[in-house]
Amino acid sequence: MGSPQDSIEYSARDQDWVALIKRVAEGDQSALAALYDATNRVVFGLVLRILSDRSTAEEVLLDVYTQVWRQAALYDRKRGAPLAWLMTIARSRAIDRFRSGRLDQQSRESLDDLGHLKSSSLSPEENTALSERQRLVRAALNTLSVEQREVIELAYYSGLSHSEIALRLGQPLGTVKTRTRLGMIKLREALTPMLEGKA
Amino acid sequence: MKHELKTEELQETAAIYALGALSQHEARAFENHLREQCPVCEEEACSFSEAAGQIGLSVEAQSPPDYLRDLLLSRIEKEAYQQSSLIPFPEQSERFPTTEPSATNRRVYLRLAIAASLVVMAAASILFWRQSTRLQNELDQMKSASSSPLRLIKLDGQEAAPQSSGNIYWDTEKNRWVVAVTLPPPPPGKTYQLWFVTSDAKISAGLIRTDSEGKGAIIVEVPRQMNQLTSAAITLEPEGGSEQPTMPIYAQGKT
């Protein structure tokens, strides 16, 4: 799925995101507002998927963009694509919050039950590059076997360690490791046009 | 020990590391190994991490409530204000710059705005948002206190300024409005004023200053002895405000 043309396009669009983050780093509040407008639904989708509680997810969403505001100057282009940076902040904040609340959240729904949350499509003003990326990542994940995808998504969305995943799935640790490795290799390959675009 | 070859074991560790799913002990050991500059492992860890960083983009988008945007902007506004609080106060008259403020002008503007905000209106105590370290606290408290029901009053632009908009979050327990609006730039010498509209009176709720993007916010205490509130209205008034509203209404919302 990756022509060189794709890479060039992703690269050009990443430049726009990088420019926006640079303006945020300079204290430009309108740049943060623009970044929020372009990305809040995807970030909220991720945070909600991890926490499955709306009001906690709302607090975490505010924390994510506040952290972006404070740490935009630390963003380093060489260490990752701008959207991945944002999503990584969102994931860590959400997982931290999830872990801190885990004790009183023993009755949390299992991850399998979370598919029915009401979703909303991206609004027209949202960057089309974003919805293209979403499509590409979904397509990439679809190249994985069900089992590979299961272990990778469990690790990503629940923050469980590989041995906890093995326990939860009732599978030997070695099996979980192998599925993770093979799945990640496929994913990396399928995402090549996007990842090369960042170079 | 540096690796010469990509082994399955090495790839496994790098892949699980990229997903953050190694145990703490294993992750520390792998990071120590990376610090020893093993190009094979570094390459694997980096490329897997980049791929892992994209997984979150596959989620279904979900719409957060609109007021979170206002909360976020007021939160960073407060931080921007705190960062600029060491800039000395300029010896100038209380005139607001009419041109697009530059970074420095913006700070001057901020200071003037703070001075202007010290005006206390008869019916309500007002905090201009740029002054307000309280605004964020209030919003935070209102947000977190589940016992404190928030009612939303949506302000719609009227014929005089159809593109105007705004939200009033009414904390019915503390009887307080947090007002966030977007209005067209007022002409020189004019200012926006917010009104409590009751069945028999219009009572000033305070002046609203807007920034270069037309955004403004205030916290207003709603007088308890007032008759039934029917709506909130915003008009354009001479600098300093008026005792009674000058028509037309720029934005309005029913309570």
Side-chain angles (χ1 to χ4, degrees), chain A residues 27 29-30 32-33 36-37 40-42 44-46 48-49 57-59 61-62 65-66 69-70 80-81 83-85 87-88 90-91 95 117-122 130 133-134 137-138 140-141 152-153 155-156 159-163 165 177-178 180-181 183-185 187-188 191 194-195 198, chain B residues 6 8-27 44 46-80 83-84 103 106 139-140 143-144 146 211-213 215:
Chain A
Q29 295 170 30
S30 68
L32 186 77
Y36 179 86
D37 290 342
N40 72 77
R41 287 172 190 81
V42 177
F44 192 59
L46 172 60
L48 198 54
R49 164 99 194 241
E58 287 175 16
E59 283 169 34
L61 185 74
L62 278 182
Y65 286 95
T66 307
W69 172 249
R70 289 178 191 152
L83 277 177
W85 174 71
M87 297 305 271
T88 302
R91 181 198 174 223
I95 286 190
L117 287 167
K118 205 177 122 241
S119 66
S120 66
S121 53
L122 293 167
L130 193 52
R133 273 162 207 270
Q134 289 195 283
V137 176
R138 281 176 201 155
L141 283 165
I152 286 173
E153 292 195 331
Y156 186 83
L160 294 178
S161 71
H162 54 1
S163 43
I165 293 171
K177 286 181 171 182
T178 305
T180 308
R181 173 174 61 86
M184 285 300 289
I185 289 171
L187 187 67
R188 178 173 67 181
L191 288 173
M194 246 166 90
L195 299 179
K198 80 153 201 77
Chain B
K6 248 192 256 183
E8 283 186 2
E9 190 192 350
L10 172 167
Q11 274 196 315
E12 225 161 63
T13 308
I16 298 169
Y17 172 77
L19 286 165
L22 287 178
S23 70
Q24 275 188 5
H25 173 75
E26 291 164 329
E44 287 298 294
C46 278
S47 61
F48 279 139
S49 295
E50 281 170 11
Q54 309 290 333
I55 293 172
L57 287 174
S58 70
V59 294
E60 288 293 328
Q62 304 275 343
S63 293
D66 291 342
Y67 66 78
L68 282 187
R69 189 182 194 275
D70 294 335
L71 281 173
L72 173 70
L73 296 180
S74 76
R75 187 188 276 191
I76 64 162
E77 178 70 31
K78 177 188 154 198
E79 295 199 357
Q83 280 159 15
S84 66
R106 211 174 140 77
L139 285 163
D140 282 349
K143 178 79 188 40
S144 61
S146 54
D211 65 9
S212 60
E213 290 179 348
K215 294 192 183 304

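In what follows, chains are A, B, ... by sequence order, proteins preceding strands, each numbered from 1.
Salt-bridge formation is detected for the pair A:Arg188/B:Glu44: a Lys NZ or Arg NE/NH1/NH2 atom is positioned less than 4.0 Å from an Asp or Glu carboxylate oxygen.
From A:Thr178, atom OG1 reaches atom CD of B:Gln11 across 11.5 Å, with rounding to the nearest 0.5 Å. One distance of note links CG of B:Leu57 with CZ of A:Arg138; it measures 9.5 Å at 0.5 Å rounding. Annotation: the span from B:Ile76 atom CD1 to A:Leu62 atom CG amounts to 11.0 Å, rounded to 0.5 Å. Note that OH of B:Tyr17 is 12.5 Å distant from CE of A:Met184, once rounded to the nearest 0.5 Å. How far CD of B:Gln62 is from CG of A:Leu61: 11.5 Å, rounded to the nearest 0.5 Å. The distance from the CG atom of A:Leu187 to the CD atom of B:Glu50 is 12.0 Å, given to the nearest 0.5 Å.
For the pair A:Ala84 and B:Gln54, the tightest heavy-atom approach, listed with the atom from each and the gap, is CB-NE2, 3.8 Å. The two residues A:Thr66 and B:Arg75 have their closest heavy-atom pair at OG1-NH1, 2.8 Å.
Scanning for ring-ring contact (aromatic ring centres under 6.0 Å, His included) contacts around A:Tyr65 gives A:Tyr36, with sequence neighbours left out.
Put simply, the side chain of A:Arg133 never gets that close to the backbone of B:Ser58: no donor and acceptor are under 3.5 Å apart. For the pair A:Gln134 (side chain) and B:Val59 (backbone), a donor-acceptor distance under 3.5 Å is present.
Using a 4.5 Å cut-off between heavy atoms, A:Leu46 touches chain B through backbone and side chain atoms alike. Both the backbone and the side chain of B:Ala52 come within contact range of chain A, with heavy atoms under 4.5 Å apart. Neither the backbone nor the side chain of A:Ile95 comes within contact range of chain B, judged by heavy atoms closer than 4.5 Å.
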Please report, to 0.1 Å, the donor-acceptor pairs under 3.5 Å made by any side chain of residues 18-25 of chain B, with sequence neighbours excluded.
residue : atom : partner : partner atom : Å
B:Ser23 : OG   : B:Glu26 : N            : 3.2
B:Ser23 : OG   : B:Glu26 : OE1          : 3.0

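The closest side-chain heavy-atom distance from A:Asp37 to B:Arg69 is below 4.5 Å. Looking at A:Arg41 and B:Pro64, their side chains come closer than 4.5 Å, going by heavy atoms from C-beta outward. Residues B:Leu72 and A:Asn40 fail the side-chain proximity criterion, which asks for heavy atoms closer than 4.5 Å.
Chain B forms more heavy-atom pairs under 4.5 Å with one residue of A:His162, A:Met87, A:Arg91 than with any other, namely A:His162.
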